[in-house]
A.B. asks: 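Dumping the structure here so I can ask a few things about it.
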Amino acid sequence: GFRVAGMKAGDLVLKSSNLKARFSLKTEEFASWLLPAFFACPPGFGQLPAGVGEKPDARSCEIDMLTAADVLEKVRAISEAAEMGF
């Protein structure tokens, strides 16, 4: 699994205080808005709402799919290397 410690992407800022207030992120939130926000082209996503389960507003942003695919491929390779003991 993944653990989010912090992130800043446009106006979306995740830090220990707002993650703690909402009891971190659910697995489905990671895929539904965290990864798209990370790879979003400007204007990106808005601020993180305070409520548990609330999601930030997407501001008509586009996702840089080439960069996303490249980074996720590298993460997959690093994960596989770690599983093999490297």
Side-chain angles (χ1 to χ4, degrees):
F2 297 95
R3 181 177 174 172
V4 178
M7 178 183 127
K8 181 173 185 338
D11 288 337
L12 177 61
V13 177
L14 304 178
K15 54 189 176 187
S16 61
S17 59
N18 64 1
L19 288 169
K20 184 178 180 181
R22 54 184 285 131
F23 305 104
S24 196
L25 298 178
K26 297 178 181 174
T27 303
E28 61 269 11
E29 291 176 312
F30 193 86
S32 69
W33 59 262
L34 181 67
L35 281 176
F38 187 78
F39 294 109
C41 300
F45 280 63
Q47 296 180 358
L48 183 66
V52 175
E54 298 292 323
K55 65 180 187 176
D57 292 328
R59 298 179 175 163
S60 306
C61 61
E62 295 181 21
I63 306 301
D64 183 345
M65 294 304 289
L66 293 176
T67 301
D70 184 49
V71 169
L72 293 175
E73 178 59 28
K74 289 177 181 163
V75 169
R76 185 192 62 76
I78 290 168
S79 177
E80 287 180 1
E83 288 178 11
M84 290 190 284
F86 289 101

A.B. asks: Determine all donor-acceptor pairs shorter than 3.5 Å in which one atom belongs to a side chain in residues 79-86; sequence neighbours excluded.
C.D. replies:
unit_1, atom_1, unit_2, atom_2, d
Glu80, OE1, Arg76, NH1, 3.0
Glu80, OE2, Arg76, NH1, 2.5

A.B. asks: Under the side-chain hydrogen bond (donor to acceptor under 3.5 Å, both in side chains) test, which residues partner Glu54, sequence neighbours left out?
C.D. replies: none

A.B. asks: Which side-chain N or O atoms in residues 24-49 pair as donor and acceptor under 3.5 Å with protein atoms at least two apart or in another chain?
C.D. replies:
unit_1, atom_1, unit_2, atom_2, d
Glu29, OE1, Lys26, N, 2.7
Glu29, OE2, Arg22, NH2, 2.5
Ser32, OG, Glu28, O, 3.0

A.B. asks: Which residues satisfy the side-chain hydrogen bond (donor to acceptor under 3.5 Å, both in side chains) test with Thr67, sequence neighbours excluded?
C.D. replies: Asp64

A.B. asks: Under 4.5 Å between side-chain heavy atoms, hopping through other hydrophobics if needed: is there a path connecting Met65 to Val75?
C.D. replies: yes

A.B. asks: Side chains of residues 4-14: which donor-acceptor pairs under 3.5 Å do they make with residues two or more places apart or in other chains?
C.D. replies:
unit_1, atom_1, unit_2, atom_2, d
Lys8, NZ, Gly10, O, 3.0
Asp11, OD2, Arg59, NH1, 2.5
Asp11, OD2, Arg59, NH2, 3.2

A.B. asks: Who pairs with Glu62 by salt bridge (charged side-chain N to carboxylate O under 4.0 Å, His left out), at least two apart in sequence or on another chain?
C.D. replies: none

